[in-house]
Amino acid sequence: MSSVSDKVVIITGASSGIGEATARQLGQLGARLVLGARRLDRLQAICKDIETAGGQAICQATDVRRRADVKALADLALAHYGQMDVLINNAGLMPVSFLDELKVEEWEQMIDVNIKGVLYGIAAVLPQMRKQHSGHIINIASVAGHRVLPTYSVYSGTKFAVRAISEGLRQESRGEIRSTIISPGLTKTELLDHITDAQAADQMRKIFEVAINADAIARAIVYAIEQPDDVDVNEIVVRPTQQER
């Protein structure tokens, strides 16, 4: 077994896409999983699959926009397993649009989920990780956090923020907590389903024709986790081979 075995891993946004793919891979490697998302029925089905395959997984309905929900998920990990080794802040929204459309409510949703949700996750696990003198926080950013394109203005802003927060965490780690940024390129997830701007949606469907499976991002996450404790993989960018930008 790899060094992933027996680590307690908390994953937000675990009901689909990158979160689900990561949970399934980590479950096969012997990690003890704590899965959170809004869709409890979907989470329960994933947990059942993992357990049937011989893994360990528990779950709880979690809306990362609510700090209490995220803390409750971390508390569940501690109560059930007695420790928390890794947090994967994966939950995210991508309702991209042209600024002229003034989709202010969607801008606020992205800020609440993509930025505040990440901060709530860090706040939920940091005290225990400090107490343990160990831990690993993995934040899912995006190539949009490296480059801004039309319709991506607000989404990119949230992902630039995730990268800044992750780097700040690394610098404040005191040699105890590892900080990893995973920046996926075009990946097959449910993110496109959130786009309500018709012109932007049409544009994105064409761009996403070269998208890779979420399993590719999950493998990058596993790689970061399985490194020895004195190795901190700070950032991984994963794009489809055919993606230009």
Practice problem: List the steps, then state whether side-chain hydrogen bond (donor to acceptor under 3.5 Å, both in side chains) holds for Glu106 with Ser97. | Solution: CA-CA 9 Å; Glu106 293 182 356; Ser97 63; 4.7 Å; no

Self-check item: N-O pairing of Arg163 and Glu167 below 4.0 Å
Solution: no

Exercise. State plainly whether one hydrophobic cluster holds both Val125 and Tyr81, where clusters connect Ile, Leu, Val, Met, Phe, Trp and Tyr through side-chain heavy atoms under 4.5 angstrom apart.
Key: yes

Quiz prompt | Gln242 atom CD, over 12 foreign heavy atoms within 6.0 Å | solution = no

Self-check item: Flag, side chain of Gln243 to backbone of Leu186, donor-acceptor distance under 3.5 Å
Solution: yes

Practice problem: Kindly give the heavy-atom pair with the smallest separation between Ile50 and Gln56, and that separation in Å. | Solution: CG2-N, 4.1 Å

Practice problem: Could you please spell out the steps behind the side-chain contact (heavy atoms from CB on, under 4.5 Å) verdict for Ile122 and Asn139? | Solution: CA-CA 10 Å; Ile122 293 171; Asn139 294 325; 4.3 Å; yes

Quiz item: Any sub-3.5 Å donor-acceptor pair from Ser179's side-chain atoms to Ser166's backbone N or O?
Solution: yes

Quiz item: How many angstroms lie between CD1 in Ile88 and CD1 in Ile182, if you round to the nearest 0.5 Å?
Solution: 8.5 Å

Exercise. Could you tell me whether a side-chain N or O of Asn89 sits under 3.5 Å from a main-chain N or O of Val118, the two making a donor and an acceptor?
Key: yes

Quiz item: Quick one: CG on Leu76 to OG1 on Thr62, what's the gap to the nearest 0.5 Å?
Solution: 8.5 Å

Quiz item: Rounded to the nearest 0.5 Å, how far apart are CD1 of Ile236 and CD1 of Ile217?
Solution: 9.5 Å

Quiz prompt | From Lys159 atom NZ to Ile115 atom CD1, the distance as rounded to the nearest 0.5 Å | solution = 9.5 Å

Quiz item: Are Val9 and Ile140 in one and the same hydrophobic cluster, where Ile, Leu, Val, Met, Phe, Trp and Tyr link if side-chain heavy atoms are under 4.5 Å apart?
Solution: yes

Exercise. Only counting residues at least two apart or in another chain, list the ones meeting salt bridge (charged side-chain N to carboxylate O under 4.0 Å, His left out) with Asp112.
Key: Lys116

Practice problem: Assess whether side-chain contact (heavy atoms from CB on, under 4.5 Å) is satisfied between Leu99 and Trp107, documenting all intermediate values. | Solution: CA-CA 10 Å; Leu99 291 173; Trp107 301 349; 3.7 Å; yes

Quiz item: Are Ile165 and Ile177 joined in one hydrophobic group, where the rule is that I, L, V, M, F, W and Y side chains link up if heavy atoms are under 4.5 Å apart?
Solution: yes

Quiz item: Hey, mind stepping through Met110 and Lys103 against side-chain contact (heavy atoms from CB on, under 4.5 Å) and telling me if it holds?
Solution: CA-CA 11 Å; Met110 281 189 279; Lys103 291 184 177 290; over 6 Å; no

Quiz item: Pick from Glu20, Arg42, Arg39: which one makes a side chain to side chain donor-acceptor pair (under 3.5 Å) with Ser15?
Solution: Arg39

Quiz item: With distance as the sole test, does Gln25 use its side chain to make a donor-acceptor pair with the main-chain N or O of Asp215 at under 3.5 Å?
Solution: yes

Quiz item: Do side-chain atoms of Thr151 reach the backbone of Val96 as a donor and acceptor pair under 3.5 angstrom?
Solution: no

Quiz prompt | Side-chain (Ser3) to main-chain (Glu226) donor-acceptor, under 3.5 angstrom | solution = yes

Self-check item: Separation of Arg178 CZ from Asp229 CG (nearest 0.5 Å)
Solution: 5.5 Å

Exercise. Check for a donor-acceptor pair, side chain of Arg65 on one end and backbone N or O of Val113 on the other, with a separation under 3.5 Å.
Key: no

Exercise. Answer yes or no: is there a donor N or O on one side and an acceptor on the other, between the side chain of Ser156 and the main chain of Ala144, under 3.5 Å?
Key: yes

Quiz item: Are there more than 12 heavy atoms of other residues, nucleotides or ligands under 6.0 Å from atom CD of Gln199?
Solution: no

Quiz prompt | Gln171, CD atom: more than 12 neighbouring heavy atoms under 6.0 Å | solution = yes

Quiz item: When rounded to the nearest 0.5 angstrom, what distance separates NZ in Lys71 from OH in Tyr120?
Solution: 14.5 Å

Quiz item: Between the main-chain N or O of Asn234 and the side-chain N or O of Thr180, is there a donor-acceptor pair closer than 3.5 Å?
Solution: no

Exercise. Begin with the C-alpha distance, continue with both residues' side-chain angles, and end with the deciding distance and a verdict on side-chain hydrogen bond (donor to acceptor under 3.5 Å, both in side chains) for Glu235 and His146.
Key: CA-CA 12 Å; Glu235 185 158 15; His146 295 256; 3.0 Å; yes

Practice problem: Kindly give the cluster partners of Val148, where membership spreads through any ILVMFWY side chain lying under 4.5 Å from a current member. | Solution: Phe160

Quiz prompt | Test side-chain contact (heavy atoms from CB on, under 4.5 Å) applied to Cys59 and Leu40, step by step | solution = CA-CA 8 Å; Cys59 61; Leu40 183 59; 4.2 Å; yes

